[in-house]
2 protein chains.
Amino acid sequence: MNTSFENLKQELKEKNINLSYQRLKVLEYLNNNRCHPTVDKIYTDLHKELSTLSKTTVYNTLRVLAESGMVRVITIEDNETRYDINVENHGHFKCDSCGEIYDFSVNIDSLIGEGLDGFMINSKNVYFNGICPNCLSNKN
Amino acid sequence: MNTSFENLKQELKEKNINLSYQRLKVLEYLNNNRCHPTVDKIYTDLHKELSTLSKTTVYNTLRVLAESGMVRVITIEDNETRYDINVENHGHFKCDSCGEIYDFSVNIDSLIGEGLDGFMINSKNVYFNGICPNCLSNKN
DNA sequence: ATTAGATTTGTAATGATTACAAAATTAAAA
DNA sequence: TTTTAATTTTGTAATCATTACAAATCTAAT
């Protein structure tokens with residue numbers, strides 16, 4: 001069990017979130033699969049080794065983790081909510097051809113919205129759409 | 001009938017999109033209601049004066065307009081797709097308390113995603129969340 | 001061990017969006 | 001102008017992600 005996961009467990013504990021088996025499994029999954037999975041993918045994959053898992057639990061857990069700031073909710077597309085355990089400063093690019101989501105480096109924190117004086121800003125998201133190099137070369 | 005709407009009609013024509021009555025009504029609505037309306041709001045409001053209008057038509061029209069680049073699709077929240085006739089360079093702030101969406105000025109075009117060499121970028125979106133001044137002062 | 005509270009589970013309900021085919025409208029051709 | 005073909009609109013039904021809910025299970029504290 002790697003250190004990173006232990007840190008995440010510690011973080012849960014500090015935030016007074018119960019360390020139930022299911023929650024730890026979801027957290028571990030997100031830590032090992034940094035592909036911005038959907039609820040369905042998380043559920044389907046975890047269900048293989050944890051057949052009693054309910055999809056509702058995955059939803060509940062992700063809500064708890066998002067509210068606590070441990071995961072970032074990605075709504076780059078309206079028909080699929082995705083989750084990212086990497087809450088650091090970065091942007092998301094979605095390929096409209098293959099659907100893959102790529103991280104990219106952009107200094108979001110330094111983005112200042114002019115005209116937002118007096119607003120309390122809680123989160124910033126930068127989403128790009130287009131075609132990835134793979135699909136461009138495959139002429140999809 | 002204002003000039004701006006005439007320009008929009010012209011733009012439709014140039015893009016070879018049929019100027020049906022329903023499409024013109026939706027376009028006119030978006031031009032007059034720059035509050036980033038949802039499909040349901042557009043439909044409900046237009047239905048009052050055009051009782052034969054179907055919600056499917058609103059969906060179809062918005063898809064056509066979005067594909068042609070005449071409206072921007074806003075998916076700041078996963079449970080409500082919104083539409084903006086202002087496709088110029090700006091960001092969107094959603095108040096988590098009252099739900100209102102505010103435009104703000106940010107130089108999106110100049111945002112360069114480092115690590116996106118070889119990617120074809122078709123659209124860029126900047127979304128902020130937080131609490132607006134109104135709700136802050138109302139202590140909601 | 002007991003109890004209270006939190007979590008999980010499965011099913012049913014919700015709600016936005018899409019699929020589809022018939023009806024209506026528009027555009028093009030004769 | 002009539003005819004024909006193509007496009008658009010409409011209403012209903014289907015789909016799919018998400019949420020609501022209540023019973024069952026689990027956890028933590030006494």
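In this text, all values refer to a predicted model and were calculated from it rather than measured experimentally. Just the heavy atoms: all of them, side chains too, but no hydrogens, waters or symmetry mates, feed the values below. Numbers restart at 1 for each chain; the letters A, B, ... are given by sequence-line order, proteins then strands.
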## Note on the structure
Here the distance between atom P of C:dT25 and atom CG of B:N60, to the nearest Å, is 17 Å
### Message
Between the side chains of A:E88 and A:R72, is the shortest nitrogen-to-carboxylate-oxygen separation below 4.0 Å, so that they form an ion pair?
### Response
no
### Nearest-Å distance for atom pair CG/C1', residues B:L24 and D:dT8
13 Å
### Task
Using a heavy-atom cut-off of under 4.0 Å over every strand shown, decide if A:D40 touches base, sugar-phosphate, or nothing.
nothing
### Query
Does a side-chain N or O from B:Q22 land closer than 4.0 Å to OP1 or OP2 of C:dT25, or not?
no
### Query
Is the closest side-chain heavy-atom distance between A:V39 and A:Y59 below 4.5 Å?
yes
### Query
Rounded to whole angstrom units, what separation is found between the CG atom of A:L62 and the C1' atom of D:dA17?
13 Å
### Task
In whole angstrom, give the distance that lies between atom NZ of A:K25 and atom P of C:dT9.
13 Å
### Query
Any side-chain heavy-atom pair from B:S68 and B:I17 closer than 4.5 angstrom?
yes
### Task
Taking only the side-chain nitrogens and oxygens of A:S20, find out if one of them lies under 4.0 Å from OP1 or OP2 of C:dT8.
yes
### Query
Given D:dA17, is OP1 or OP2 found less than 4.0 Å from the side-chain N or O atoms of A:T81?
no
### Query
What does B:T52 touch in the nucleic acid at a heavy-atom separation under 4.0 angstrom: a base, only the sugar-phosphate, or nothing?
sugar-phosphate
### Query
Can you tell me how far P of C:dA16 sits from CD of B:E80, to the nearest Å?
10 Å
#### Entry: C:dA6 OP1/OP2 closer than 4.0 Å to side-chain N/O of A:N18
no
### Query
Within this structure, what is the CD-to-C1' distance between A:E77 and D:dA17, rounded to whole angstrom?
14 Å
### Query
Expressed in angstrom and rounded to an integer, what is the separation of B:Y43 atom OH from C:dG15 atom P?
16 Å
#### Entry: Residue mapping more 5' on DNA chain D - nearest nucleotide basis, B:I17 or B:S51
B:I17
### Query
Pick the nucleotide of DNA chain C nearest each of B:L19 and A:T56; which residue has the one closer to the 5' end?
A:T56
### Query
Which nucleotide in the set D:dG11, D:dT18, C:dT9 lies at the smallest distance from any side-chain heavy atom of A:V39?
D:dT18
### Query
Is a salt bridge present between A:E49 and A:K25, judged by a nitrogen-to-oxygen distance below 4.0 Å?
yes
### Query
In terms of the angle between their ring planes, are A:H47 and A:Y43 parallel, tilted or perpendicular, with boundaries placed at 30° and 60°?
tilted
### Message
Can you tell me which nucleotide in C:dT17, D:dT19, D:dT10 comes closest to the side chain of B:S54?
### Response
D:dT10
### Query
Separation of A:L46 atom CG from C:dT9 atom P, in whole Å?
11 Å
### Message
Using OP1 and OP2 only, check whether a side-chain N or O of A:T57 sits under 4.0 Å from C:dT9.
### Response
yes
#### Entry: Along DNA chain D (nearest heavy atom to each residue), the more 5'-positioned of B:Y21 and B:D78
B:Y21
### Query
How about B:F119 and A:F104: are their ring centroids closer than 6.0 Å?
no
### A:R63 vs D:dT19: side-chain N/O to OP1/OP2 distance below 4.0 Å
no
### Task
Select one nucleotide: of D:dT9, D:dG11, C:dG10, the one nearest the side-chain heavy atoms of B:R23.
D:dT9
